[in-house]
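Take a look at the structure below.
Remember, predicted model here, so these are calculated numbers, not experimental data. Every heavy atom of this structure was used, including side-chain atoms; hydrogens, water molecules and symmetry mates were not.
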Amino acid sequence: MKLQTIFTTMVTAVTLTAFSATAMTVSAASDTKAQITANQSTTDQLVQQLAAANAEVINLNNKINDKNTAIKDAQQKITDTQAKIVSLKGEVAKTEAELAARKSVLKKQLVSLQKQAGDSVTGNVYVDFVLNSDDLSDLIARTSTVNKLNQANKDAMDAVNESKAKLSALQSEQEAKKQTLVETKASLETEKTQLVSLKSNADAKTKALNKKINDNKSVLVALQDKAAQEDAAAKATLAKLAASSTAATKSTTAVAKQSSTKASTPATKSSTKKAASQVQSSAPQVQASTPVATTNNGGGTSHAGEANAYAWGQCTWYVKMVAPWAGNHWGNGGQWGASAAAEGYTVNHTPSVGSIVVVAGGQNFGGWNAAAGYGHVAYVVGVSGSSITVQQGGMGFDNPAGPNTQTISGAGSYTYIHR
């Protein structure tokens with residue numbers, strides 16, 4: 001009976017030790033899975049922040065483009081106004097020359113009249129010219145001539161002076177307009193500089209968020225590997241526990257048969273079966289870890305080889321066909337940037353051949369606007385300065401299944417997913 005007690009005590013000790021080791025292993029695996037959940041939650045929050053930052057960058061790019069257009073318009077108006085000023089200066093110079101010519105003609109008339117008047121009597125050439133008439137008829141003729149000369153000269157001088165005054169007023173008006181345009185242009189350039197600075201900060205914020213997401217992804221992969229190892233260790237411990245319990249039970253039963261009476265044998269067998277049953281039912285259940293997805297050269301989760309789950313004739317369907325590495329469940333076109341970033345892809349506002357361009361809902365894309373709430377995606381096949389050439393599909397094109405080729409300016413206004 002003592003030998004049976006000793007073996008029973010040994011079985012209990014082995015079982016408790018195994019349970020203790022198993023509990024510690026399962027606890028470690030549970031902690032790791034809790035860390036994975038926390039990591040995924042943090043990543044989701046970062047993705048939301050990245051989407052907001054991307055929207056801010058796109059908005060600032062649009063404002064910068066608007067400022068560039070306004071500055072260009074202001075410069076054109078300044079150029080046109082300067083041309084008008086130059087033209088008016090020429091007109092003013094002509095009227096001044098005409099005025100000088102008119103004065104020269106008057107001097108010549110005075111000299112001619114003075115010669116005909118003879119010796120001066122009153123000191124006024126016109127009066128002397130009339131007074132030195134030969135007779136009444138000559139007096140009338142001379143008076144008529146003087147009146148006509150006076151009126152003609154007056155009309156001519158008035159016309160020239162009026163023209164000069166109008167031209168001078170127009171010139172002053174254009175010069176004032178030019179000054180206003182110059183000030184407006186300077187103000188627009190200042191506002192543009194501020195927007196460029198804000199965009200630079202937004203780009204830096206986007207870059208930092210992308211880095212955090214990538215760092216979180218690396219941590220997640222490490223945690224998944226750790227969880228898989230801990231799950232394997234827990235399974236191994238459970239296997240050892242079951243083997244140890246079985247061996248100990250067999251030894252206890254053998255001793256019990258030798259030391260006990262035939263009457264006590266059924267009770268011993270019953271106790272042994274109950275102990276074994278308790279050992280098996282108390283073993284914790286450990287779930288198998290989820291396999292870690294493979295990654296492509298760019299670091300993002302590759303979906304190459306997956307069937308195209310998008311609807312035929314949609315922009316997402318076409319891009320998945322030409323870029324099979326793209327995900328099947330990234331949502332509408334406008335959501336692809338955030339979805340790709342969450343899977344570790346590099347997402348920014350710099351285009352490259354082979355990247356996917358993401359257009360926000362309602363955003364202009366080469367003269368047409370992407371559907372609000374849906375957005376658009378296309379495949380980049382060429383980059384030239386600030387312009388990109390894309391191939392795309394969609395029900396709005398003559399060929400919904402693509403490719404429909406289009407060249408788009410203002411490339412920095414859009415989001416790009418890089419493989």
Side-chain angles (χ1 to χ4, degrees), residues 50 53-76 79 188-189 192-193 195-204 206-207 210 296-300 314-326 330 333-334 336-338 340-341 345-371 375-394 396-419:
L50 178 61
N54 282 333
E56 182 182 2
V57 171
I58 291 171
N59 182 46
L60 289 170
N61 264 323
N62 290 336
K63 288 184 177 180
I64 290 172
N65 289 336
D66 290 343
K67 292 299 177 185
N68 283 332
T69 300
I71 290 170
K72 184 178 179 181
D73 290 344
Q75 182 57 56
Q76 185 60 50
T79 301
L188 289 170
E189 288 174 339
K192 176 188 171 182
T193 300
L195 288 171
V196 169
S197 177
L198 289 173
K199 180 181 176 295
S200 177
N201 293 336
D203 284 335
T206 300
K207 184 177 180 181
N210 272 319
N296 61 19
N297 294 334
Q314 298 299 323
C315 61
T316 48
W317 180 89
Y318 175 77
V319 173
K320 173 64 177 174
M321 293 299 293
V322 296
W325 48 269
W330 283 1
W336 275 35
Y345 285 90
T346 298
V347 179
N348 55 34
H349 298 279
T350 304
S352 65
V353 174
S355 62
I356 297 172
V357 57
V358 180
V359 185
Q363 186 178 11
N364 185 278
F365 191 63
W368 58 277
N369 293 331
H376 180 65
V377 286
Y379 188 68
V380 180
V381 296
V383 179
S384 177
S386 61
S387 297
I388 55 173
T389 299
V390 301
Q391 291 182 341
Q392 56 201 330
F397 296 101
D398 293 335
N399 183 10
N404 301 283
T405 304
Q406 185 178 5
T407 298
I408 311 293
S409 60
S413 299
Y414 309 105
T415 300
Y416 300 89
I417 304 169
H418 301 272
R419 184 177 183 182

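Under a 3.5 Å cut-off, the side chain of Q363 and the backbone N or O of A360 do form a donor-acceptor pair. Side chain of Y345 to main chain of A326: no donor-acceptor pair is present (N/O by atom type, distance under 3.5 Å, no hydrogens or angles). No side-chain donor-acceptor contact under 3.5 Å links S355 to the backbone of P351. At least one donor-acceptor pair closer than 3.5 Å links the side chain of T193 to the backbone N or O of E189. Of the possible donor and acceptor atoms, none in the side chain of S200 sits under 3.5 Å from a partner among the backbone N and O of V196. Judged by distance alone, with hydrogens and angles left aside, the side-chain atoms of T69 form a donor-acceptor pair with the main-chain N or O of N65 at under 3.5 Å. Checked by atom type and distance alone, the side chain of N404 pairs as donor or acceptor with a backbone atom of N399 at under 3.5 Å.
Aromatic pair Y414/H349: centroids not less than 6.0 angstrom apart.
The shortest non-hydrogen separation linking V358 to G333 is CG1-O, 3.3 Å. Between A411 and I388, the shortest heavy-atom distance links the atoms CB-CG2, 3.7 Å. The two residues G393 and F397 have their closest heavy-atom pair at O-CE1, 3.5 Å. The minimum heavy-atom distance linking N210 with A341 is given by the pair OD1-CB, 4.1 Å. Looking at every heavy atom in both residues, Y318 comes nearest to A401 through CD1-O, 3.2 Å.
Side-chain contact check for T407 and T389: at least one donor-acceptor pair (N or O, by modelled atom type) lies under 3.5 Å. Side-chain contact of N364 with N369: a donor-acceptor pair under 3.5 Å is present, judged by distance alone.
Taking the salt bridge (Lys or Arg N to Asp or Glu O under 4.0 Å) definition, one finds that K67 meets it with E191, sequence neighbours left out. Qualifying side-chain hydrogen bond (donor to acceptor under 3.5 Å, both in side chains) partners for Q406, counting only residues two or more places apart in sequence or in other chains: W368, Q392. Listed by chain and number, the residues in a ring-ring contact (aromatic ring centres under 6.0 Å, His included) with Y379 amount to none (sequence neighbours excluded).
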Can W325 and I417 be said to form a side-chain contact (heavy atoms from CB on, under 4.5 Å), step by step?
CA-CA 11 Å; W325 48 269; I417 304 169; 4.1 Å; yes

Hey, mind stepping through V380 and I356 against side-chain contact (heavy atoms from CB on, under 4.5 Å) and telling me if it holds?
CA-CA 6 Å; V380 180; I356 297 172; over 6 Å; no

Step by step, would you call S197 with N201 a side-chain contact (heavy atoms from CB on, under 4.5 Å)?
CA-CA 6 Å; S197 177; N201 293 336; 4.3 Å; yes

Go through the steps to decide whether V357 and F365 satisfy the test side-chain contact (heavy atoms from CB on, under 4.5 Å), and finish with yes or no.
CA-CA 11 Å; V357 57; F365 191 63; 4.2 Å; yes

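D203 has no carboxylate O lying under 4.0 Å from a charged side-chain N of K207, or vice versa, which leaves the two without a salt bridge.
To the nearest 0.5 Å, atoms CG (L188) and CG (L195) are separated by 10.5 Å. Separating the CD1 atom in I64 from the NZ atom in K192 is a distance of 8.0 Å, to the nearest 0.5 Å. Within the model, atoms OG of S386 and CD1 of I408 stand 12.0 Å from one another, a figure rounded to the nearest 0.5 Å. Going from atom CD of E56 over to atom OG1 of T206 covers 7.5 Å, rounded to the nearest 0.5 Å. Rounded to the nearest 0.5 angstrom, L60 CG and K63 NZ are separated by 6.5 Å.
Residues K320 and W330 form no side-chain contact, since every pair of their non-hydrogen atoms from C-beta on lies 4.5 Å or further apart. Using a 4.5 Å cut-off on side-chain heavy atoms (C-beta onward), I58 and T415 make contact.
Screening T350, T346, N348 for a side chain to side chain donor-acceptor pair (under 3.5 Å) involving H418 leaves a single residue, N348.
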